[in-house]
Amino acid sequence: MPKNKRTKKFATMKRMISANDPRIKPKDRLSKPKEKKIDPHELKVHQVTQASSALFFQYNTQLGPPYHILMDTNFINFSVKNKMDIVQSLMDCLYAKCIPYITDCVMGELEKLGPKYRIALKIIKDPRFERLTCTHKGTYADDCIVQRVTQHKCYIVGTCDRDLKRRIRKIPGVPIMFLSQHRYTVERMPDAYGAPK
């Protein structure tokens, strides 16, 4: 026997529970308070993040020799692949004394990468490299670097990572150092310091 085809009924309302149904709890029966109407004459308060005192327009006054370079994992790896002496190459790029900084998360990331990157680990343990301790959980270096740079505008960030570069470009007054054509180049460095473009 064939089944009867049921057609959909149009314009039927969904059944709703009435307000005085015994299944509704007394606290849910109370009507919600209405939102306040916006007064056009009331003063509007805007929250604006305070600009760093180190910035004079877009010019960062905290930058200057000796330069503090905060390095990323891939910046070190690319330097090793291109057979560059990191400290010497930094000085050749900026024509001044440079202090390379490495955070605990960068160290952790390099250790996680295994024996393939043991040369990079050996280079990092050089006494010329300054170590910065991290207070956060995990070993994700990008967030750590971005947080440090927003707090203290005295660093130049050394990275070859596109996403990290994109994030740092949003922070005013922070130059980015990267590798191009087997040498270091600086982006967004003030002209007064004579950095190569």
Side-chain angles (χ1 to χ4, degrees), residues 47-52 54-55 57-63 67-94 98-126 128-191 193 195-197:
Q47 291 290 332
V48 180
T49 53
Q50 188 177 359
S52 172
L55 295 175
F57 296 118
Q58 289 289 310
Y59 182 84
N60 191 349
T61 54
Q62 281 187 349
L63 287 174
Y67 294 106
H68 306 284
I69 289 111
L70 190 59
M71 290 191 282
D72 189 22
T73 315
N74 56 18
F75 184 78
I76 298 156
N77 290 338
F78 278 104
S79 302
V80 171
K81 278 182 186 174
N82 289 321
K83 297 177 182 172
M84 297 169 76
D85 178 20
I86 295 175
V87 178
Q88 189 58 46
S89 300
L90 291 174
M91 288 185 189
D92 291 345
C93 176
L94 294 170
C98 299
I99 305 162
Y101 285 90
I102 276 151
T103 58
D104 287 342
C105 4
V106 171
M107 196 77 161
E109 273 185 8
L110 274 171
E111 285 168 356
K112 273 184 183 176
L113 287 170
K116 204 175 184 182
Y117 298 94
R118 64 179 177 276
I119 298 163
L121 261 173
K122 223 177 242 184
I123 290 168
I124 278 180
K125 288 176 181 171
D126 190 316
R128 293 178 293 182
F129 286 76
E130 296 282 325
R131 286 290 299 275
L132 296 171
T133 52
C134 297
T135 51
H136 60 84
K137 291 178 181 178
T139 57
Y140 187 58
D142 289 11
D143 290 340
C144 177
I145 288 169
V146 168
Q147 184 191 359
R148 264 181 209 281
V149 164
T150 45
Q151 285 174 349
H152 313 288
K153 297 271 195 285
C154 62
Y155 296 112
I156 297 171
V157 178
T159 184
C160 298
D161 184 14
R162 278 187 192 159
D163 296 330
L164 184 58
K165 275 187 194 176
R166 200 175 293 126
R167 284 174 73 182
I168 289 169
R169 283 187 193 119
K170 291 175 186 172
I171 306 164
V174 180
I176 302 166
M177 186 179 277
F178 57 95
L179 263 139
S180 73
Q181 298 170 355
H182 303 287
R183 49 176 287 191
Y184 293 146
T185 356
V186 183
E187 178 185 302
R188 296 171 59 196
M189 190 78 167
D191 297 332
Y193 297 127
K197 281 156 186 78

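The figures here come from the full heavy-atom set of this structure, side chains too, leaving out hydrogens, waters and symmetry mates.
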Heavy-atom pair of closest approach, residues Tyr184 and Cys93 | O-SG, 3.6 Å

Roughly how far apart are Gln147 CD and Gln151 CD, rounded to 0.5 Å?
-> 5.0 Å

Is there a side-chain contact between Met177 and Leu94, using heavy atoms and a 4.5 Å cut-off?
-> yes

Which heavy-atom pair separates Asp161 from Thr159 by the least distance, and what is that distance?
-> N-OG1, 3.1 Å

Parallel, tilted or perpendicular for His68 and Tyr155, by the 30°/60° rule?
-> perpendicular

Closest approach of Pro172 to Arg188 (non-hydrogen atoms, all atoms of both residues) = CA-NH2, 3.7 Å

Interatomic spacing from CD1 in Ile86 to CD1 in Ile123 - rounded to 0.5 Å | 5.5 Å

Approximate separation, where rounding is to 0.5 Å, of Ile102 CD1 and Met71 CE | 4.0 Å

Given Ile156, which of Leu90, Val149, Ile69 fulfils the side-chain contact (heavy atoms from CB on, under 4.5 Å) condition?
-> Ile69

In this structure, CZ of Phe178 is separated from CZ of Arg183 (nearest 0.5 Å) by 10.5 Å

Taking C-beta and beyond as the side chain, do Val157 and Val146 meet within less than 4.5 Å on heavy atoms?
-> no

Looking only at non-hydrogen atoms, find the nearest pair between Met189 and Pro175 and report the distance.
-> SD-CG, 3.7 Å

Decide if atom CZ of Arg169 counts as having more than 12 heavy atoms of other residues, nucleotides or ligands within a radius under 6.0 Å.
-> yes

How about Phe129: does its CZ atom have over 12 heavy atoms from other parts shown lying under 6.0 Å from it?
-> yes

Heavy-atom nearest pair, Asn60 first then Lys153, reads ND2-O, 2.7 Å

Under 3.5 Å, side chain of Asn82 to main-chain N/O of Met84, donor-acceptor pair present?
-> no

Partners of Asp85 by side chain to side chain donor-acceptor pair (under 3.5 Å), sequence neighbours excluded?
-> none

From Ser79 atom OG to Lys81 atom NZ, the distance as rounded to the nearest 0.5 Å | 11.0 Å

Shortest non-hydrogen separation from Lys125 to Met107 and the atoms involved | CE-CE, 3.5 Å

Separation between CD1 (Ile145) and CG (Asp72), nearest 0.5 Å, reads 4.5 Å

Can you name the residues that form a side-chain contact (heavy atoms from CB on, under 4.5 Å) with Thr103, not counting sequence neighbours?
-> Leu70, Cys105, Val106, Leu132, Cys134, Cys144, Arg148

Hey, is CG on Leu113 packed in by over 12 heavy atoms from elsewhere, all under 6.0 Å?
-> yes

